[in-house]
Chemist: 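The structure is given below, and queries will be raised subsequently.
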Amino acid sequence: MNQVEKPLKFLFINFELPQSKRVQFEKIIRTQTPQSSTHLSQTSLSRNELIIIIEKSSSQSVITACEKYIPDLYGLMISVEDNNSLRLNEQLSFSWSGITGSKSSFYSGFSLRFELIMSLVVYGLAHYNRASEINDCSNESNFDENAKLMVNHLKIAAGIFNFITSVELPRWMNLPEDRPIECRQGFSLAMYEICLSTALSITARKAVKQSTSPSIISKLHCEAWQKAEMAKQFLKDLEHSLYKKLPKTLKQIVSDIIIIEYAKTLMFMALNSKSQGKVSDALGYFHQVNFSKIKKPSNTKISTILNSIVNDVTLEQQSLSRENEVIYFEKKTDVNSLPEKPSPMPKSIVNMITFSPPLPSFMSIN
């Protein structure tokens with residue numbers, strides 16, 4: 001299986017992080033004690049640092065800034081929500097851009113839940129983007145260590161998106177109709193599946209390096225394929241007008257991942273059959289591989305990765321065909337007569353890392 005040891009790169013979506021406008025909580029919320037004023041000033045500072053870092057710094061810096069701001073934000077939520085004695089100098093509002101619009105186009109919200117969900121979306125996307133950055137600098141010598149890092153970031157991101165959709169979105173009462181697509185359940189559900197699909201693909205690649213049986217590797221790719229299918233369905237379940245606004249790159253890469261992961265599932269099923277001397281079945285599995293629906297992307301990096309993956313599968317397919325022509329002389333098994341259908345592992349070996357909200361930096365303001 002020399003050919004399938006490459007590429008070392010995986011398909012990632014290049015997400016532009018949502019951006020926001022600055023807020024000064026200490027000027028909006030009236031306080032009666034110096035300590036409360038300090039809490040609000042610190043929350044403003046950590047938030048505004050995050051906003052600047054989103055615009056100018058690396059994904060790892062964004063992760064660190066989120067981990068500084070989110071405990072302050074939880075403290076603010078505990079202190080402000082259901083606080084009838086609280087007095088404001090002006091209405092508290094937040095502005096965030098989304099992935100479906102320009103950086104200069106902002107959605108406004110008057111709920112701290114909106115602020116929390118968008119901050120968590122940034123946190124989750126930053127972990128996903130960090131995995132993508134590690135992917136870009138991976139090679140044969142550092143792959144094992146980088147694979148651990150990538151999978152860990154993706155599992156953390158999956159846990160964050162699961163928390164958004166299962167905990168925070170249901171808590172948001174009276175959702176405004178005009179809100180970023182990131183604040184809709186379908187987006188977080190899709191991101192959860194995309195993160196785990198990519199983590200499974202990386203895990204399968206590591207399994208190849210460790211000479212794991214093709215049968216197990218095929219099941220890892222099968223689960224990655226099924227999760228990508230789920231991601232696509234969650235995105236398509238959004239309102240039609242919203243789905244149309246999604247970046248074309250996002251929709252196309254998810255579709256490409258589906259094709260690639262299904263092809264790799266079939267390839268390793270074929271290699272498993274060949275290892276058992278069942279060449280006819282191997283030819284039957286390879287016969288189902290179809291890359292015709294992959295569209296050539298404009299992004300050079302993505303195009304290179306796609307071409308490399310397609311070439312690897314094609315080379316394995318051609319190698320078996322040549323061997324059959326001179327050695328085995330077998331006819332391919334009809335698709336309906338193949339002994340196995342693609343199936344995942346009975347129990348997934350790649351799961352999200354559950355997100356637990358941090359302890360609030362403070363518990364009250366007055």
Side-chain angles (χ1 to χ4, degrees), residues 1-11 138-140 143-144 147 197-198 200-229 253 255-297 302-346 349-350:
M1 288 196 293
N2 292 332
Q3 288 94 338
V4 299
E5 291 187 0
K6 295 180 180 180
L8 287 168
K9 301 293 190 291
F10 301 87
L11 283 177
S138 292
N139 53 49
E140 189 68 38
F143 176 75
D144 287 347
S197 174
T198 308
L200 281 157
S201 188
I202 296 168
T203 302
R205 169 65 180 82
K206 192 171 181 180
V208 172
K209 288 195 70 177
Q210 295 171 341
S211 299
T212 305
S213 84
S215 176
I216 291 176
I217 297 171
S218 74
K219 293 180 182 300
L220 290 170
H221 281 298
C222 181
E223 188 176 356
W225 160 54
Q226 291 179 347
K227 287 190 173 297
E229 287 275 20
I253 289 185
S255 294
D256 289 343
I257 290 172
I258 290 169
I259 296 169
I260 292 296
E261 293 302 328
Y262 183 56
K264 286 191 172 185
T265 300
L266 293 170
M267 179 180 74
F268 282 102
M269 292 180 75
L271 293 174
N272 185 57
S273 293
K274 182 187 174 187
S275 70
Q276 298 173 350
K278 301 175 182 177
V279 176
S280 295
D281 291 347
L283 293 168
Y285 289 122
F286 267 130
H287 183 68
Q288 298 176 73
V289 173
N290 184 358
F291 293 120
S292 63
K293 291 186 178 180
I294 290 182
K295 296 179 181 178
K296 185 176 180 180
I302 294 173
S303 180
T304 301
I305 294 170
L306 266 176
N307 288 338
S308 184
I309 295 171
V310 170
N311 287 342
D312 283 342
V313 178
T314 303
L315 284 171
E316 284 290 344
Q317 188 176 20
Q318 291 173 346
S319 175
L320 179 62
S321 294
R322 284 194 298 268
E323 287 182 37
N324 187 55
E325 289 171 1
V326 298
I327 302 173
Y328 305 116
F329 308 107
E330 297 279 355
K331 291 185 178 180
K332 70 176 182 292
T333 304
D334 182 81
V335 171
N336 296 322
S337 301
L338 288 167
E340 286 186 271
K341 302 295 181 185
S343 62
M345 298 282 282
I349 64 171
V350 177

Chemist: Would a distance-only check, ignoring hydrogens and angles, find a side-chain to backbone donor-acceptor pair under 3.5 Å from Ser308 to Thr304?
Modeler: no
Chemist: Rounded to the nearest 0.5 Å, how far apart are NZ of Lys274 and OH of Tyr285?
Modeler: 16.0 Å
Chemist: Checking Phe268 against Leu220 for the side-chain contact (heavy atoms from CB on, under 4.5 Å) test, could you report, in this order, the C-alpha distance in whole Å, the side-chain angles of both residues, the deciding distance, and whether it holds?
Modeler: CA-CA 10 Å; Phe268 282 102; Leu220 290 170; over 6 Å; no
Chemist: Does Ser280 use its side chain to pair, donor to acceptor, with the backbone of Thr333 at less than 3.5 Å?
Modeler: no
Chemist: Is the number of heavy atoms from other residues, nucleotides or ligands within 6.0 Å of NZ (Lys332) greater than 12?
Modeler: no
Chemist: Which atom names give the shortest non-hydrogen contact between Val279 and Glu330, and what distance separates them?
Modeler: CB-CG, 4.0 Å
Chemist: Rounded to the nearest 0.5 Å, what separates atom CD1 in Ile217 from atom OG1 in Thr203?
Modeler: 11.5 Å
Chemist: Between Ser218 and Asn272, does a side-chain contact (heavy atoms from CB on, under 4.5 Å) hold up when you go through it step by step?
Modeler: CA-CA 9 Å; Ser218 74; Asn272 185 57; over 6 Å; no
Chemist: Does Lys264 come within less than 4.0 Å of Glu223, counting only side-chain N to carboxylate O?
Modeler: no
Chemist: Mark yes or no for whether Ser319, through its side chain, and Leu315, through its backbone, hold a donor-acceptor pair below 3.5 Å.
Modeler: no
Chemist: Going through the distances and angles, do Trp225 and Ile260 end up as a side-chain contact (heavy atoms from CB on, under 4.5 Å)?
Modeler: CA-CA 8 Å; Trp225 160 54; Ile260 292 296; over 6 Å; no
Chemist: Tell me the closest heavy-atom pair linking Asp334 and Asn336, and the distance in Å.
Modeler: OD2-N, 2.9 Å
Chemist: Taking all non-hydrogen atoms of both residues into account, name the closest pair between Phe143 and Ile202 and its distance.
Modeler: CZ-O, 4.1 Å
Chemist: Would you name the heavy atoms of Asp144 and Lys209 that are closest together and state the gap between them?
Modeler: OD1-NZ, 3.8 Å
Chemist: Can you confirm whether more than 12 heavy atoms, excluding those of Lys295, are under 6.0 Å from its NZ atom?
Modeler: no
Chemist: Give, for atom NZ of Lys9 and atom CD1 of Ile309, the distance between the pair rounded to the nearest 0.5 Å.
Modeler: 11.5 Å
Chemist: Could you tell me which non-hydrogen atom of Cys222 sits nearest to which non-hydrogen atom of Thr265, and how far apart they are?
Modeler: N-OG1, 3.1 Å
Chemist: Tell me, please, which residues at least two apart from Lys219 pass salt bridge (Lys or Arg N to Asp or Glu O under 4.0 Å).
Modeler: none
Chemist: Check whether any side-chain heavy atom of Glu229 sits under 4.5 Å from a side-chain heavy atom of Tyr262, and report yes or no.
Modeler: no
Chemist: Considering all heavy atoms of both residues, which atom of Ser201 and which atom of Ala224 are nearest to each other, and what is their separation?
Modeler: N-CB, 4.3 Å
Chemist: Measure the spacing between CD1 of Ile349 and CG of Leu200 and express it to the nearest 0.5 Å.
Modeler: 7.0 Å
Chemist: With side chains defined as the heavy atoms from C-beta onward, is the minimum distance between Val335 and Gln288 less than 4.5 Å?
Modeler: yes
Chemist: Starting at CZ of Arg205, measure out to CD of Gln210 and round the result to the nearest 0.5 Å.
Modeler: 10.0 Å
Chemist: Side chain to side chain contact (heavy atoms under 4.5 Å, CB included) with Pro297: which of Leu306, Ile253, Asp256?
Modeler: Leu306
Chemist: Got Thr314 and Phe291 here, is their nearest side-chain heavy-atom distance under 4.5 Å?
Modeler: yes
